[in-house]
Amino acid sequence: MSRSLSFAQALDEAIAEEMRRDPKVIALGTEFTGKLVQQFGPQRARLTPISEAAFTGMGLGAAACGYRPIVNWRSVTFSFVAMDQIVNQASKIRYMLGGQADFPVTFRCTSGGGLGLAAQHSQSPYSIWMHLAGLKIILPSNPADAKGLLKSAIRDDNPVVSFECVRLNDAIAAVPEGDHLVPLGVAAIKRSGTDVSVVALGYYVQEALAVAQALARRGISVEVVDPRTLVPLDVSTIRDSVRKTGRLVVVDEAPPTCSAAAEITALVVEDAATFRALRAPVERVCGIGVPIPYSPPLERAALPDRERIEAAILRVLHEPASGSTRS
Amino acid sequence: MSRSLSFAQALDEAIAEEMRRDPKVIALGTEFTGKLVQQFGPQRARLTPISEAAFTGMGLGAAACGYRPIVNWRSVTFSFVAMDQIVNQASKIRYMLGGQADFPVTFRCTSGGGLGLAAQHSQSPYSIWMHLAGLKIILPSNPADAKGLLKSAIRDDNPVVSFECVRLNDAIAAVPEGDHLVPLGVAAIKRSGTDVSVVALGYYVQEALAVAQALARRGISVEVVDPRTLVPLDVSTIRDSVRKTGRLVVVDEAPPTCSAAAEITALVVEDAATFRALRAPVERVCGIGVPIPYSPPLERAALPDRERIEAAILRVLHEPASGSTRS
Amino acid sequence: MPIGKLESITAPARATARESPLMPREVPDPLPMLRQMLLIREFDERIIGLRAGGDIYGAIHPYVGQEAVAVGVCAALTRADRVTSTHRGHGHCIAKGADIKRMMAELFGRIDGYCKGKGGSMHIADFSVGMLGANGIVAGGLPLAAGAALAAQLDGKRQVAVCFFGDGAVAEGEFHETLNISALWSLPLVFVCENNLYGGSSPIDVQHRTTDIAVRAAGYGMPAVSIDGNDAMAVFEAARAAVDRAREGDGPSLIECRTYRWHFHNMLRATIPAETRPSTELAAWRARDPIARLASALLSRRTLTEEGLTAMRMQVRGDVDEAIAFAQASPFPGREALLEDVFAASCCHPARACGTHDE
Amino acid sequence: MPIGKLESITAPARATARESPLMPREVPDPLPMLRQMLLIREFDERIIGLRAGGDIYGAIHPYVGQEAVAVGVCAALTRADRVTSTHRGHGHCIAKGADIKRMMAELFGRIDGYCKGKGGSMHIADFSVGMLGANGIVAGGLPLAAGAALAAQLDGKRQVAVCFFGDGAVAEGEFHETLNISALWSLPLVFVCENNLYGGSSPIDVQHRTTDIAVRAAGYGMPAVSIDGNDAMAVFEAARAAVDRAREGDGPSLIECRTYRWHFHNMLRATIPAETRPSTELAAWRARDPIARLASALLSRRTLTEEGLTAMRMQVRGDVDEAIAFAQASPFPGREALLEDVFAASCCHPARACGTHDE
Ligand SMILES: Cc1ncc(C[n+]2csc(CCOP(=O)(O)OP(=O)(O)O)c2C)c(N)n1
Ligand SMILES: Cc1ncc(C[n+]2csc(CCOP(=O)(O)OP(=O)(O)O)c2C)c(N)n1
Ligand SMILES: [Mg+2]
Ligand SMILES: [Mg+2]
């Protein structure tokens with residue numbers, strides 16, 4: 001049984017269900033979606049001042065004392081104000097303290113461009129968090145995964161960062177009824193294929209699927225892998241796919257340098273069996289390495305689109321025969 | 001003509017020379033090395049309160065108004081308190097404002113482990129900065145480069161971040177006399193070789209050189225490439241080297257995930273000609289993906305060492321014949 | 001008395017100071033001020049429709065209702081003085097002397113915009129008039145303004161810097177750090193808090209226990225004053241005192257301007273957000289319209305006639321029409337603009353250097 | 001009067017409060033306090049030599065001279081109350097009841113250390129006694145303490161939280177944000193500022209124009225008091241008042257303890273850093289030794305005899321000897337420990353998942 005929900009509704013439902021399920025789950029943020037304050041009262045759903053560093057650290061501190069806070073930074077942009085608490089405290093505290101306590105805190109934020117919000121408010125910096133050891137990271141691509149991953153994140157005994165693509169906010173799709181959970185660390189093959197593997201992140205999963213469908217009509221079989229969780233990353237599913245297809249395109253809107261796409265590429269080529277199976281250079285279809293511009297035509301040019309995804313797929317397929325690859 | 005200087009002295013000399021050369025160069029920080037206040041007075045060498053966010057933004061603001069501030073965060077750890085000013089302001093401001101002003105500010109910090117300072121004070125997070133578009137990044141590996149790169153950074157009209165490995169602080173080597181400049185964006189081949197390319201960063205350049213020397217005695221010819229500048233990265237020198245040797249090992253103390261090492265790996269395999277030349281999986285010899293532990297044996301185990309570098313070189317050399325690679 | 005009264009510290013300006021070309025007007029000319037307030041209002045009322053119509057993208061934050069603050073403060077400044085602004089920045093831009101044509105072109109995402117269309121509403125800047133930029137980060141502009149004040153202090157040319165920010169920004173660490181360091185270094189900086197009683201959609205008591213913002217300055221040994229932010233002349237007086245003080249090398253001060261925004265916090269899509277604030281509160285503040293207040297004072301003093309006022313209204317409407325026409329006529333930036341402006345010319349572009357793009 | 005006097009707000013504890021097992025002592029027992037101060041001093045004097053000798057690694061920040069603060073404050077706390085500490089944290093650990101054997105083993109980097117040797121001096125914690133951790137980040141512990149206070153408030157069990165921090169930390173944004181939010185929410189939190197007149201090697205006037213830290217609290221509507229931090233009983237009294245207030249649900253307060261460190265700021269290598277502070281200042285503060293002060297008060301009151309004091313000194317020396325022997329006997333962690341403790345067991349290790357390691 002399932003019903004249709006928007007991405008935003010699915011996330012709200014996850015929060016409400018977990019707050020109902022466990023009285024230790026509390027919420028902190030400068031604004032809430034859904035009816036959190038009405039449903040759970042101002043003690044458990046705490047509207048905070050615009051003090052991200054303080055309430056991020058408070059989430060961590062309350063987690064150390066038996067609570068399971070959900071801290072909402074809103075745009076990931078605002079988390080940079082709280083970066084000390086994330087980098088120097090949350091990502092290291094359990095290890096530094098020799099594992100003497102758990103810190104079950106969930107940090108939520110929105111990410112991504114495409115809404116004309118310009119550079120500061122159009123960031124996709126998950127790789128910054130991935131680089132740290134000690135934070136789990138989810139990046140759902142549809143309402144069902146959003147709900148299931150966020151619920152798992154809240155129940156996880158570790159700090160988890162949930163990146164929620166702004167462009168998916170209104171996306172509507174089926175979400176299973178009941179206590180729908182998606183485990184952390186398990187990728188989903190959203191479409192199977194044999195000619196090329198496309199690992200796509202967040203919003204770009206649907207775009208990759210659309211391209212795959214279009215290419216299917218031309219006899220090209222594209223496998224679309226959605227990692228869903230960036231830490232821990234399900235590298236074996238990705239490598240298996242590449243070992244099968246021999247070709248890899250990674251699609252994400254973050255700029256390429258030191259990105260998740262760079263990591264996925266490196267993980268594939270440093271594994272001997274996968275490296276041997278690889279029959280073409282890896283293609284990264286990423287955001288262009290500039291701050292995201294405001295003007296719509298420039299913003300469109302800065303972000304990946306179906307055309308660029310398709311072109312990259314065709315390039316890796318024709319390599320080396322057609323000589324059409326970049327060099 | 002040259003004389004021997006420590007890494008720290010070379011950096012101090014760079015600052016003092018540039019402050020003498022240009023009255024618009026000023027310094028901000030909670031502590032100074034050298035005799036900055038005595039030499040240039042408390043107006044130009046400003047001891048700040050422990051307010052990294054404020055004085056980072058002030059460096060940027062003063063740069064917008066005709067000065068060339070050198071902002072010293074000391075440990076990169078403390079820069080995370082100022083991350084809003086770095087990520088949301090410094091890295092994006094010129095682009096967001098359509099290039100109507102330049103922001104010639106230099107941010108200095110120390111990085112790296114190996115001194116028993118534990119997780120918070122043993123970070124090497126340059127890839128976090130590399131991921132942003134709009135900051136240049138230098139990472140010198142010896143006193144001469146340190147001086148020459150820092151002087152270029154101060155004269156550059158853009159925000160530049162200087163990462164200075166703590167373990168190199170006391171390293172002594174020849175530094176040319178006079179106005180020694182090293183251009184940003186130009187890698188150095190610190191040793192040429194034909195069998196395998198080792199791209200090493202910061203402190204690990206000397207370690208890679210030591211391994212290369214040892215392996216030379218066994219008839220293995222290792223090329224050691226030092227990028228020196230991470231943004232802009234001299235990718236053609238790296239690719240040329242790999243096209244020549246067909247094998248690549250990247251060495252750095254940062255954890256591998258979404259690191260500079262990941263980026264270098266991706267840049268190599270996404271280039272068709274280099275990919276075709278590659279005869280073995282790429283090896284990343286990185287810090288283990290954990291917060292750096294305090295206890296010396298654990299810290300040693302967390303960081304790369306000559307043994308691990310050598311083992312990785314031997315693995316890529318024997319691939320696939322010997323079957324000794326990981327899989 | 002912990003909270004310094006700016007009035008009490010305002011010595012009569014020195015003769016040398018008066019002669020300086022950098023000095024602000026001792027007595028402001030209220031007619032241009034009124035005209036600027038009308039222009040700001042017209043501009044920001046019109047952008048609501050333009051956003052709804054899809055001519056403007058992303059987020060807009062209208063300044064309507066708060067015009068007296070930007071105009072009163074900037075009347076105390078010279079062109080050489082510098083300001084930093086916020087997400088709600090159009091009023092500050094206009095008051096500091098930016099050209100509404102280029103502002104509008106920026107909002108339209110066009111090449112003739114101040115940022116060549118790259119910045120949009122939250123990043124408009126005009127360095128040529130000392131407007132160092134709007135800012136999408138709450139309190140993010142304060143350190144930048146302190147940097148400008150540091151530059152001014154080192155230059156020794158009696159320039160000052162002003163940072164505008166909201167009541168919500170007072171809860172951020174950057175507010176505290178900037179007040180502390182600027183007080184410590186006696187920077188020529190004026191903190192202008194526009195206390196409009198809400199931070200985003202949250203009432204001010206979600207932010208602060210002490211909703212009196214001026215009281216915060218005492219802890220830094222900084223004089224502060226809390227004033228009626230809807231009275232342009234009162235704002236000017238307080239700003240002049242603070243600016244004089246800064247110019248004389250006597251350090252920073254804080255001005256809390258109590259005001260109110262007439263519209264929604266922001267508009268992110270084509271629909272106009274529903275009002276969530278109490279309607280009585282809104283009505284009370286609309287009755288304290290800063291424009292009507294200045295206009296009626298000028299009318300009663302006969303500095304202005306009804307016809308003059310009507311002409312002014314017509315004029316600003318025409319100006320905004322012209323700005324819109326200018327923006328519409330300006331082309332969108334071409335694809336080549338995408339890779340420009342990341343770095344000053346002195347360097348190669350990292351994206352090109354690392355070769356990861358399709359271009 | 002902007003600065004609340006804690007004294008004035010301290011109502012006599014209610015009967016129910018007195019009966020609670022969570023309530024601190026109304027009248028402290030000074031002998032254990034003296035003993036703790038002696039132990040802290042002995043511990044931190046000894047680690048200097050151990051750092052010089054290479055038994056301890058990285059950075060140490062001796063607490064010598066400031067013992068009255070940690071001990072006075074913690075005497076007003078129960079085990080269920082929680083504290084966060086700083087880079088200079090050994091004194092807080094000992095005063096809150098941590099075991100010096102496991103502290104010393106941590107400093108030696110051994111498996112029996114509180115953090116299994118992974119944390120070292122700047123990260124010692126003992127959650128079982130409510131010591132939530134030293135912290136290498138100036139002001140970094142304040143938000144964590146506020147989180148503990150939030151948990152306590154939600155639990156409703158009358159626990160309180162205390163954060164220790166230095167005068168330098170007051171310049172950080174996290175100080176401000178935490179004071180603001182805890183005042184707003186009336187969190188059961190006590191801010192203890194150890195004003196030792198230096199932030200690192202910089203004198204306090206490099207940090208603040210107003211070197212009076214207590215005055216900062218007024219802006220938040222928070223009571224504050226500035227006291228002699230070398231007087232353990234005065235610290236206890238102020239702490240008890242603040243803790244009672246927090247326990248009663250009346251919100252946070254700030255206590256500024258004026259004190260002085262006897263040694264260098266920190267020691268990062270085997271050599272002992274040269275003293276940079278004026279020798280007269282140092283001498284004056286050494287003459288105000290908090291231990292001598294409490295001891296002589298107890299001697300003159302005959303609560304303590306000279307022999308008793310000597311015995312106490314011998315005893316703490318023996319305790320530290322024992323701790324050192326314990327640490328020396330404890331093995332270094334094995335290589336397998338490297339990958340443990342990143343995540344709670346509920347998960348797979350990301351390093352393993354991504355397969356980038358040689359293990
Ligand atoms: C660091 C940060 N946190 C949160 C936001 C989201 N945000 C944008 S405007 C705003 C409210 C700001 O309130 P105030 O400073 O009073 O300005 P006003 O909108 O009332 O003019 C918030 C929370 C932000 N832009 N930056
Ligand atoms: C955010 C941050 N900036 C800088 C430092 C470096 N640092 C360590 S201790 C210290 C001085 C702190 O002074 P104070 O808070 O007065 O504590 P004290 O050392 O006097 O006990 C500094 C600057 C740091 N640890 N964290
Ligand atoms: Mg407001
Ligand atoms: Mg201090």
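Each chain gets a letter, A, B and so on, in the order its sequence line appears, and its residues count up from 1. Everything quoted here is computed from the prediction, not taken from an experiment.
- Sorted by first and then second residue, the salt bridge (charged side-chain N to carboxylate O under 4.0 Å, His left out) pairs with a member in residues 115-131 of chain A form an empty list; sequence neighbours excluded.
- Contact annotation: the side chain of B/Arg239 never approaches that of B/Ser236 to less than 4.5 Å [non-hydrogen atoms, C-beta and beyond].
- Both the backbone and the side chain of B/Met130 come within less than 4.5 Å of a heavy atom of chain A.
- Between B/Phe163 and B/Trp129, the two ring planes are perpendicular [angle over 60°; tilted spans 30° to 60°].
- Within the 4.5 angstrom heavy-atom criterion, atoms from both the backbone and the side chain of A/Leu278 approach chain B.
- The structure places CG of B/Leu201 at 13.0 Å from CZ of B/Arg228, a figure rounded to the nearest 0.5 Å.
- Contacts of A/Ser295 with chain B are absent, with no heavy-atom separation under 4.5 Å from either backbone or side chain.
- Interface remark: of the candidates A/Ala266, A/Ala262, A/Pro291, A/Ser259, A/Pro291 forms the most heavy-atom pairs closer than 4.5 Å to chain B.
- Proximity of a side-chain donor or acceptor of A/Ser75 to a complementary backbone N or O of A/His121 within less than 3.5 Å is not detected.
- Scanning for salt bridge (Lys or Arg N to Asp or Glu O under 4.0 Å) contacts around A/Glu253 gives A/Arg167, with sequence neighbours left out.
- Not counting sequence neighbours, the partners of B/Arg243 by the salt bridge (Lys or Arg N to Asp or Glu O under 4.0 Å) test are B/Asp240, B/Asp271.
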TODO: Assess whether side-chain contact (heavy atoms from CB on, under 4.5 Å) is satisfied between B/Val250 and B/Leu248, documenting all intermediate values.
DONE: CA-CA 7 Å; B/Val250 192; B/Leu248 173 62; 3.9 Å; yes
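- Contacts between residues 84-93 of chain B and chain A, defined by a heavy-atom separation under 4.5 Å, are made by B/Asp84, B/Val87, B/Asn88, B/Gln89, B/Ser91, B/Lys92.
- Of all the listed residues (A/Ala254, A/Ala82, A/Gly98, A/Ala119), the one sharing the greatest number of non-hydrogen pairs under 4.5 Å with chain B is A/Ala119.
- With a threshold of 4.5 angstrom between heavy atoms, B/Gln123 approaches chain A through side-chain atoms but not through N, CA, C or O.
- A distance of 10.5 Å separates CD1 in A/Ile292 from CG in A/Leu298, rounded to the nearest 0.5 Å.
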